[in-house]
Amino acid sequence: MLIASWNVNSVKARLDHLLRWLGEAAPDVALLQETKCLEAAFPREAVEDLGYNIAVAGQKTYNGVAILSKRPLEDVITALPGDPGDDQARYVEAVTGGVRVASVYVPNGQSVGSDKYAYKLAFLERLNAHAQTLLDLEEPFVLGGDYNVIPDPGDVWDPASWEGGILYTLAERAGYRRLLNLGLTDAFRALSGEIGRYTWWDYRGGGWTKDHGCRIDHLLLSPQAADMLAESGIDKTPRGWEKASDHTPVWCRLAAEDAARAA
DNA sequence: ATGGTTGACGATCAA
C-alpha cells in the first residue's frame, strides 16, 4: 500500500499537476493539504475518474485537506478533536484498506509569539492528545501532512539562520517530538539517515534553484503501521514542474502482505 | 532593500 502526502497549494490551481502525479506515482492513498476550496468546489469528478474515493474537509480561500483512496473510505471525521470552536479545515481522517489515515495541515504559525503561533502550539497539543487516543486502539495508522515543523538541524538548508525562527523554534520541535515520543515513527527518517533532504522550498528568494529547503512534510506511523514499513521517500519531481506547488510529495510503502492481513 | 513569490480574491492576507 503506497501512501503519499502532498501540500498542493490550491487544488484548483494545481489540478493538472495533481492528475499527472496521481497517474505517474499511482499512490493507493493520497493525503492533500492546502486545497483552498469548499468541499463543493473540489474537482471531485476528475479525481474520481482516476479511480479514487474522496473525503474532504473544505474551507474557502485558506487551508482545506483531503484524502484520496483507491479503496473505500470509512469512519470519516473532518475535524481534529479537542476544540469545537476551531473552524479551520486542517484535519480529515478515515479508515481505508484496513489502515486509518489522516491528512493534517498544522498551522504555519506566521511569527514567533503571534496569536497564530499560540494556535499552532495548541494544535500540536491537540494532535498529541488525539494520537494517544488512536494509539490506544493498537491499530495501524498513518498521520501524514504538512507539519510546518523542521525536526532537526539536518532537515534545513542553513540551520544557523533558521535558529529560533518560525518552523524551527524549540517549542514547535518539542510539540512535534512529543508525537514521536508517544511511539510514532517518522517514515522517512526511519529508513534514511540522509541529511539535506527537503519537502518544501520557499517561492521567495529562489529557494528551489538554490536547494534552500526544509523537511516539514512528514508521515507519522503507529507501531502497527511501522511494523509494515517497507520503503519511503521524497518525490522531488513535481516541485520542478512549471507553476509548481512550493511543496513536493512524500511517500511510504507498507508491505502488501502485512497490509492485507491488517485489512 | 525589515527584502523575496505565489494563490485567492479583487484590498490585502496567508504562507
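Chain A is the first sequence line, chain B the second, and so forth, proteins listed ahead of strands; every chain is numbered from 1. All values reported here derive from a predicted model rather than from experimental measurement.
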Practice task
Pull out every residue in residues 153-171 of chain A that has a heavy atom closer than 4.0 Å to any atom of DNA chain B, ordered by number, or say none.
Solution key: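 The answer is none.
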Practice task
Indicate the ring-plane relationship of A/Trp6 and A/Trp21, choosing parallel, tilted or perpendicular according to the 30° and 60° boundaries.
Solution key: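 The arrangement is perpendicular - the two ring planes meet at more than 60°.
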Salt bridge (Lys or Arg N to Asp or Glu O under 4.0 Å): which pairs involve [range], sequence neighbours left out?
range	value
residues 47-65 of chain A	A/Arg44-A/Glu48
residues 189-208 of chain A	A/Asp155-A/Arg189, A/Glu194-A/Arg197, A/Asp202-A/Arg204
residues 166-176 of chain A	A/Lys120-A/Glu172
residues 128-141 of chain A	A/Arg100-A/Glu139

When you compare [N] with [M], how far apart are their [atom1] atoms, in angstrom units rounded to a whole number?
N	M	atom1	result
B/dG4	B/dA8	P	22 Å
B/dC13	B/dC9	C1'	10 Å
B/dT5	B/dA1	C1'	16 Å

Handout entry: Residues in salt bridge (Lys or Arg N to Asp or Glu O under 4.0 Å) contact with A/Glu24, at least two apart in sequence or another chain
Key = A/Arg20
Problem - Residues that A/Asp86 engages under salt bridge (Lys or Arg N to Asp or Glu O under 4.0 Å), provided they are two or more places apart - result: A/Arg126
Handout entry: Nucleic acid footprint by protein, nucleotides 5-15 of chain B - heavy-atom cut-off 4.0 Å, B for base, S for sugar-phosphate alone
Key = BSSSS---BSB
Completion exercise
Residues passing the side chain to side chain donor-acceptor pair (under 3.5 Å) test with A/Thr209, sequence neighbours excluded, are none
